[in-house]
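For the numbers below, each heavy atom of this structure counts, side chains included, while hydrogens, waters and symmetry mates do not.
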Amino acid sequence: MDKEAYNVEPKEAYAHNGPPYQDPAGIVESKGIRIGEAADMFGDVQTAEEYGYVSRGLKSRHIQFIALGGTIGTGLFLGIGRAFSQAGPLSVLLGYTFTGIAVFGMMQSLGEMATWLPLPGAIPQFCARYVDGAMGFAVGWNNWYSCAITLCAEISAASVVIQFWQGAVGINVAAWITIIIVLVVCLNIFAVAIYGEAEFCFAGIKILTIVGLLIFALCIDLGGGPTHDRLGFRYWKHPGAMKMYISTDPSTGRFLGLFSVLVNAAFSYGGVEMVAVAAGEAENPRKNIPKAVRRVFWRILFFYVLGSLAIGVLVPYNDPELLNKSGTAAASPWVIAINRARVPALPSIINAVILTSASSSANAFLYTGSRYLYALAQNGQAPRILLKCSKRGVPYWCVAVTASISLLTYMSCSSGSTTVFEWFQNLTTISTLFTWVSICIAYIKFHAALKAQGIDRNTLLFKSPFQPYTAWAALIFFSVIILFNGFYAFCPWTTNDFITAYVGIPIYFALYFFWKVFKRTKWVNPAEADIQTGKAALDAADLHWPEQHPRNIFERIWFWIA
């Protein structure tokens with residue numbers, strides 16, 4: 001392994017501990033895919049057997065449903081209410097569409113890298129290999145704290161949702177927080193297959209719910225509800241399609257409202273990169289990851305764009321029950337729409353699904369955060385003890401450290417769940433954007449490395465279109481949001497809002513320059529970028545994955561879905 005690629009001494013030690021690793025195919029044949037990959041990464045079989053390695057226990061259906069339902073969480077069910085109350089339905093529709101296009105471009109870039117080299121954690125490793133060891137350090141720790149804080153946000157949101165039922169109002173919120181923390185830790189600590197099955201079930205519930213809500217919205221909008229009141233686009237005319245935000249000037253106010261949605265949408269889309277993180281534990285990743293990434297466009301279109309349109313025709317932006325800074329209701333805009341349509345019993349059912357969704361997202365972010373920590377340990381940028389895995393391939397120390405951050409959620413007990421949810425949303429949005437920017441930069445350098453090392457992109461199993469221009473466009477879009485995401489803190493000046501909006505910027509660059517100075521790292525020359533370490537064992541393992549052939553029409557449909 002080239003030291004200049006990582007500029008990290010512990011990683012170099014793994015690669016040179018014993019004779020050079022030359023026979024991944026033989027290891028895969030004799031000891032299995034798991035130990036073969038570990039030996040290829042660590043440099044020798046002895047180190048691999050000492051620490052263990054993650055297990056490829058996520059089946060195709062797990063990966064596809066993680067991709068489909070992984071980001072359907074509180075951002076779409078709960079947080080979108082704040083965007084409507086600030087900006088109006090047209091601004092929300094446009095904002096989610098614009099951000100969705102940029103996210104799609106970013107995911108195409110990430111999908112190409114993850115298919116080439118599906119590693120656990122993935123993103124910090126790509127940044128360290130293709131850009132700079134310091135960027136790998138910065139984005140790894142940034143992603144880890146983002147996932148840990150988002151874990152808190154999802155648990156906090158769940159405590160908001162639980163309070164929808166009158167019987168839960170008198171119970172201390174700490175009880176609900178404890179139950180959810182114990183649940184997600186148990187789903188993550190035993191085996192990755194258990195996590196996969198849980199996400200498969202959670203995602204199935206969320207997908208069926210969203211499809212049902214879209215059908216419900218169409219029926220109610222056309223007058224099919226109990227009131228037989230045909231809504232059409234009534235609320236786009238009164239109170240209006242675009243609400244002025246902060247400024248009293250119509251043009252400026254509407255633009256600022258639209259821009260505020262871009263920030264909110266970034267929180268809602270957060271975690272879309274989760275499928276690449278799971279690539280390191282997926283069966284047959286070279287087939288399943290491209291399949292999942294190609295579906296990102298349809299996921300964005302159906303779940304977010306149509307979802308924001310549906311809410312916009314059912315609820316006016318001035319509805320007093322929308323979740324906003326006043327915290328007048330701990331409920332989702334979907335539940336508000338159902339109440340306005342006077343459909344009995346359905347609000348409680350939907351609220352239960354939203355509670356399931358929040359728990360699912362918490363489960364997913366605990367998994368993702370632990371794998372980012374594992375990737376940092378592989379890069380030699382986190383304590384070596386974090387490499388230790390259980391016999392079932394779970395990095396249990398990484399899970400334990402990440403889960404410990406969830407204890408911050410108990411702040412909800414004193415400050416109020418709604419207020420804490422907004423704090424966490426602001427804190428995690430900026431770190432999510434930095435993750436996406438880092439992915440775009442890593443891809444641009446990866447694209448250059450392929451060219452410099454004479455690898456024809458036409459030979460890749462997954463080739464993203466219009467590159468590297470797609471990555472550049474997404475990079476610019478996300479960078480603009482980072483720079484101006486806290487504009488509301490200036491009109492009038494609010495110190496707390498300014499800190500929560502921009503604290504992520506100095507954190508990211510402090511991490512970057514710390515490692516830059518500490519290790520004296522340099523930007524990686526594309527001709528010397530390490531695009532091969534770990535690939536040999538994966539290439540050999542590709543021959544061992546069984547090929548599935550549908551035997552009837554039902555299996556053909558199921559294989560297409562999952």
Side-chain angles (χ1 to χ4, degrees), residues 33-34 37 40-41 53-71 103-127 129-130 143 192-193 195-196 199-200 203 269 271-300 364 367-368 371-372 374-375 393 435-436 439-440 442-443 446-447 450 455 457 459-465 467 470-471 531-532 534-548 559-562:
I33 295 171
R34 180 179 170 192
E37 288 187 44
D40 205 4
M41 287 298 297
Y53 202 65
V54 293
S55 174
R56 292 197 175 274
L58 296 177
K59 302 180 184 299
S60 175
R61 60 187 174 89
H62 297 151
I63 292 295
Q64 303 312 317
F65 273 66
I66 287 171
L68 285 170
T71 58
V103 167
F104 176 71
M106 179 274 298
M107 281 301 297
Q108 288 288 301
S109 304
L110 180 57
E112 185 174 316
M113 292 189 292
T115 302
W116 173 266
L117 201 58
L119 299 173
I123 298 171
Q125 303 224 39
F126 296 154
C127 291
R129 290 181 182 221
Y130 311 145
N143 284 350
V192 71
Y195 161 78
E199 281 305 291
F200 176 76
Y269 286 120
V272 70
E273 69 281 1
M274 202 174 293
V275 66
V277 178
E281 294 171 84
E283 289 184 355
N284 200 357
R286 299 275 172 68
K287 178 181 178 181
N288 292 325
I289 298 305
K291 183 178 177 182
V293 170
R294 289 189 183 102
R295 293 178 175 179
V296 169
F297 172 79
W298 301 108
R299 180 180 14 160
I300 290 171
Y367 167 81
T368 309
R371 273 28 176 207
Y372 281 135
Y374 185 76
T435 299
W436 295 345
I439 290 170
C440 293
Y443 178 80
F446 173 72
H447 185 277
L450 291 177
I455 297 174
R457 289 183 66 243
T459 63
L460 302 184
L461 290 175
F462 178 72
K463 176 186 174 184
S464 54
Q467 293 289 10
T470 302
I531 60 176
Q532 297 294 340
K535 188 173 182 296
L538 289 165
D539 291 342
D542 284 342
L543 303 174
H544 295 265
W545 299 116
E547 192 68 29
Q548 292 182 317
F559 287 173
W560 180 80
I561 294 173

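Arg457 pairs by the side chain to side chain donor-acceptor pair (under 3.5 Å) definition with Glu112, Tyr443, not counting sequence neighbours. Scanning for side-chain contact (heavy atoms from CB on, under 4.5 Å) contacts around Thr115 gives Arg286, Ile289, Pro290, Leu461, Phe462, with sequence neighbours left out. Residues forming a ring pair (Phe, Tyr, Trp, His ring centres under 6.0 Å) with Tyr367 (at least two apart in sequence, or on another chain): Tyr195. Residues satisfying the side-chain contact (heavy atoms from CB on, under 4.5 Å) criterion with Ala122, sequence neighbours excluded, are Phe126.
Contact detail for Gly105 and Gln467: the closest heavy-atom pair is O-NE2, 4.5 Å. Across all non-hydrogen atoms, the minimal contact from Val293 to Gly111 is CG2-CA, 3.8 Å. Between Ile439 and Met113, the shortest heavy-atom distance links the atoms O-CE, 3.8 Å. Ile531 and Trp116 get closest at one heavy-atom pair: O-NE1, 2.7 Å.
To the nearest 0.5 Å, atom NE2 of residue His447 and atom OG1 of residue Thr470 are 9.5 Å apart. Note: Met107 CE to Tyr269 OH = 13.0 Å, rounded to the nearest 0.5 Å. To the nearest 0.5 Å, the span separating CD on Gln125 from OH on Tyr372 amounts to 12.0 Å.
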**Request:** Under the side-chain contact (heavy atoms from CB on, under 4.5 Å) rule, what do Glu273 and Asn143 come out as? Steps first, then yes or no, please.
**Result:** CA-CA 11 Å; Glu273 69 281 1; Asn143 284 350; 5.8 Å; no
**Derivation and outcome, side-chain contact (heavy atoms from CB on, under 4.5 Å), residues Gln532 and Leu117** = CA-CA 8 Å; Gln532 297 294 340; Leu117 201 58; over 6 Å; no
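Put simply, the side chain of Ile123 reaches to within 4.5 Å of the side chain of Leu110, judged on heavy atoms.
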